[in-house]
Amino acid sequence: MDKTITKLINEMTLEEKASLCSGRDYWATKSIDRLGIKSILFSDGTYGLRKPKCDSSVFIGIENVTSTCFPTGSALASSWDSHLLEEIGAALGKECREENIDILLGPIASIKRSPLSGRNFECFSEDPKLSGEMAAAYIKGLQGQGVGACLKHFIADNQMFMRMSKSSELDERTLREIYLANFEIPVKKAQPWAVMCGYNRLNGISCCEHKDVLTNIIRNEWHYEGLILSNWGAVNDRVKALKAGVDLEMPARESIPDNEIVQAVLDGTIQESMLDKTVKNILLTVLKNKSYKEKSYSLDLDKHHQLARKVATECIVLLKNEDNILPLNIHNLNRIAIIGTMAKSPRYQGSGDLYVNPNQLENAYDEIHNLAGNQVVIQYCDGYSSEDNETNLSLMNEAQIIAQNSDVAILFVGLPDTMELAALDRQHMKLPQNHMRLIDHITNVQPNTIVILSNGSPVEMPWKHKVKGIFEGWLTGQAGGGAIADLLFGVANPCAKLPETFPLKLSDNPSYLNFPGYGDTIEYNEGLFVGYRHYDAREMDVLFPFGYGLSYTKFEYMNINVSSNTITDTDILTIKVKIKNTGCYSGKEIVQLYVKDNSFNVQRPLKELKAFDKVELNPNEEEIITMTLDKRAFAYYDIDTKDWIVETGEFEILVGSSSRDIRLKEIVFVHSTSNNKKKFTRHSTIHDIISDPKSKKTIELLIPSFVSPADIEEFRQSGIINKTFQKTIHQTPLCKLIHYFKGYFTEEMLEQLLHVLNK
């Protein structure tokens, strides 16, 4: 392939090379017919194909082609299931091939920093490990069908307000451990065909012009070999963007970018060899598409719909099940009240320009009828108006009457399109007023109330204590109605768990004081403490913790075993845990493994997710789960050495059912083999030195050459050395010791000490 590409590049004119570096129109790149170079056709769609029926010159069509609408990202991540994500990717790939799409613009791996961000419904998680693994699986499935994935939005693009101009301001360690790690996993594991730059600036530099992340990190460190393209309209300076690493500007901007590139080569601003590298990245993608299009595929949309229903059942989270009200037993019920317009007119996907035109659509009302309608009387009422947030007393009173005369009331509430738009951040975490008043109205007369939520991001629940059952229904695609019915009546057992923390109220969120930012900047002052890392560190109560989700059965965790209790950071640690289904239903459990550093000398979260697995068990069945950890599971990013460092010390391996339901733990001692020693200066403290085991040993050996035992005894007798002094001295810069110990510790001794420590 390299020979073919080199030959093509050698045959191109400068103008032809430049022409490949920007779009032909909204969705396609330019072709060069005389050389047989085809254009690349893109399409929107992170959870379904959104292709306008008209040609690629139109951004949003009057009507989109029909396709399978799968659950959105926040729902998919609740499955914690890489195999399911790969299946969805494969299904999307086949539908893309049917429409001649070369690259699908997804998945979104951005971290959920705030529950208010407008596109949270498309994103996976607040945790980089979970987000990265979900993205990697999606990409593998999609690209296995010969359709490229476009991983986005790179990087620290976590809100909609002023996203085209604001600068995300965050320190290097936070960037590496939180906002880059979720991209690093899918880039290294799945090699997406494309990565998309965000609109925002990162520490003052446009993401499309940020050479450090686009070239130094993603290309040189992560060895990324695919295409880097801009978000639509994100490029401000085409020449700077090309030099930073952006191969393709989208969409078309007439001939302006082509002329800018040609002129930059002619005047020496860009070397033609640099342009050739950019063209090579584009041609690699073109040739990949050509080779894959020669392979056969089969498309069965009915199977895709069944897949969508299967996936939706594994994405809906059971949050509350008081008195085991669920699953509903049809034989014990005479009347069921179904209340809420979302039961018949579901909100099943995100709003805005991401709209997928589903080829089928189920609603919960019909599906409940299909399962239970012949055996029980089902009564329905809208309960609220879907047109506005105003309370309709007539509808509410009608709903109260049918609820009062039923054995159980099922309320369908959530966030309407107008309150959760892709292009706008939310203003609060509340449900609409008429939805909340409806819950109050119904629970006043019916204690057996179950709430089904339809929303893409967390909501506050001041009414939680008033209801017996809660399903977080998310936005679960075209088959979500059937999935809800299956779960309500026990046809399926809920197994999903939350991929993000639900705080009690918005002000508890770590980004609260800095979202959406002021002036031209967004200060990420919470640093590493995003999501559960923050709530754990502050020992805060939450509505529902990260990783939480109930089942109709029970699971027992037993017999944690590690391959060794003492390892080096180059070893792979294997952890085995036995899981047993001790309940009466078959079910699936998501086993979560967190790591806690007990010996840290730098600020670290209390614990962090490092591995997870999902197991399906019948009643009384048990299975041993195996998970592995490598160096990165124990490491932090050191900004001085620009490397991932493991501190020698004790770590806890924590295994549980959620971040706050740890069932088993084991202690492991990890020896660091890192040669990346910290550089000590005259402003380093005694604490800095003794925190490093090697340096501590060195300074203990050197003490006798500086201060004699007699001198130390003299200090003790004089009262200079006492416990308070020892604590203070640990925090004192080395250069200040010259003043404390005049004559005993000199400038020459300090230089000698630093020389030995740094050697």
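These figures come from a predicted structure and were not determined experimentally. We number each residue from 1, following the sequence as shown.
Counting only distance, with no hydrogens or angles, the side chain of T68 and the backbone of H304 share no donor-acceptor pair below 3.5 Å. With Q375 contributing its side chain and I330 its backbone, the two residues share no donor-acceptor pair below 3.5 Å. With S117 contributing its side chain and S114 its backbone, the two residues share no donor-acceptor pair below 3.5 Å. One N or O on the side chain of S658 and one on the backbone of R660 form a donor-acceptor pair closer than 3.5 Å. Under the 3.5 Å distance criterion, the side-chain polar atoms of N158 are matched with a main-chain donor or acceptor of I111. In this structure, H435 contributes its side chain and V413 its backbone to no donor-acceptor pair below 3.5 Å. A donor-acceptor contact shorter than 3.5 Å links the side chain of N397 to the backbone of L393. Within the 3.5 Å criterion, the main-chain N or O of T341 finds no donor-acceptor partner in the side chain of S386.
Here the closest non-hydrogen pair linking N321 and L550 is N-CD1, 3.9 Å. Looking at every heavy atom in both residues, I470 comes nearest to L318 through O-CD1, 3.6 Å. The nearest pair of heavy atoms linking K607 to L654 is CD-CD1, 3.9 Å. Scanning both residues, D407 and N334, for their nearest heavy atoms gives OD2-N, 2.6 Å. Closest approach of I339 to G383, counting heavy atoms only: CG2-CA, 4.1 Å. Between V408 and N448, the shortest heavy-atom distance links the atoms CG2-O, 3.2 Å.
Here the side chains of Y585 and P327 are in contact, with some heavy-atom distance below 4.5 Å. Contact check for V65 versus N357: no side-chain heavy atoms found under the 4.5 Å cut-off. Using a 4.5 Å heavy-atom threshold, the side chains of L151 and P107 count as touching. Using a 4.5 Å cut-off on side-chain heavy atoms (C-beta onward), M461 and L431 make no contact.
Using modelled atom types and a 3.5 Å distance limit, the side chains of S457 and N120 yield a donor-acceptor pair. Residues S351 and E420 have side chains that never bring a donor and an acceptor to within less than 3.5 angstrom of each other. Inspection of the W463 and T443 side chains reveals no N or O donor paired with an N or O acceptor under 3.5 Å. Checked by atom type, the side-chain pair S511/R113 shows no donor-acceptor distance below 3.5 Å. Between E387 and S385, the side chains place no donor N or O within less than 3.5 Å of an acceptor N or O (distance only, hydrogens not considered). Side chain to side chain, N514 and N525 meet the donor-acceptor criterion of an N or O pair below 3.5 Å. Using modelled atom types and a 3.5 Å distance limit, the side chains of K51 and S67 yield no donor-acceptor pair. Side-chain N/O atoms of E367 and Y365 include no donor and acceptor closer than 3.5 Å. N359 and Q478 share a side-chain donor-acceptor pair at under 3.5 Å.
Residues Y179 and Y524 place their aromatic rings such that the two centres sit under 6.0 Å apart. With ring centers used as reference points, Y199 lies 6.0 Å or more from H153.
Crowding of Y355 atom OH: a count of heavy atoms from other residues, nucleotides or ligands under 6.0 Å exceeding 12. Crowding of H428 atom NE2: a count of heavy atoms from other residues, nucleotides or ligands under 6.0 Å exceeding 12. Atom NZ of K554 is surrounded by 12 or fewer heavy atoms from other residues, nucleotides or ligands within 6.0 Å. Counting non-hydrogen atoms of other residues, nucleotides and ligands closer than 6.0 Å to CG of N374 gives a total of 12 or fewer.
Judged as a side-chain hydrogen bond (donor to acceptor under 3.5 Å, both in side chains), and not counting sequence neighbours, the contacts of E133 are K129, K189. Annotation: side-chain hydrogen bond (donor to acceptor under 3.5 Å, both in side chains) contacts of Y47 (sequence neighbours excluded): Q349.
A salt bridge does not link E472 with K320: every distance from a Lys NZ or Arg NE/NH1/NH2 to an Asp or Glu carboxylate oxygen is 4.0 Å or more. Note on E556 versus R663: no salt bridge recorded, every NZ/NE/NH1/NH2 to OD/OE distance being 4.0 Å or above. Using a cutoff of 4.0 Å between basic side-chain nitrogens and carboxylate oxygens, D440 and R437 are not scored as salt-bridged. The residues E500 and K112 are annotated as salt-bridged, a charged nitrogen and a carboxylate oxygen being separated by less than 4.0 angstrom. A salt bridge is absent between D520 and K166: the closest approach of a Lys/Arg side-chain nitrogen to an acidic carboxylate oxygen does not fall below 4.0 angstrom. For K614 and E314, the salt-bridge test passes: some basic side-chain N is under 4.0 Å from an acidic carboxylate O. With respect to E126 and R533, no salt bridge is recorded, no charged nitrogen being found less than 4.0 Å from a carboxylate O. D486 has a carboxylate O that lies under 4.0 Å from a charged side-chain N of R309, or vice versa, which qualifies the two as a salt bridge.
By the 30° and 60° cut-offs, the orientation of the rings of Y548 relative to F544 is parallel. Note: Y532 and F546 have parallel aromatic rings, judged against thresholds of 30 and 60 degrees for the angle between ring planes.
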So K152 and E122, salt bridge (charged side-chain N to carboxylate O under 4.0 Å, His left out) or not? Walk me through it.
CA-CA 11 Å; K152 57 183 186 178; E122 278 191 287; 5.0 Å; no

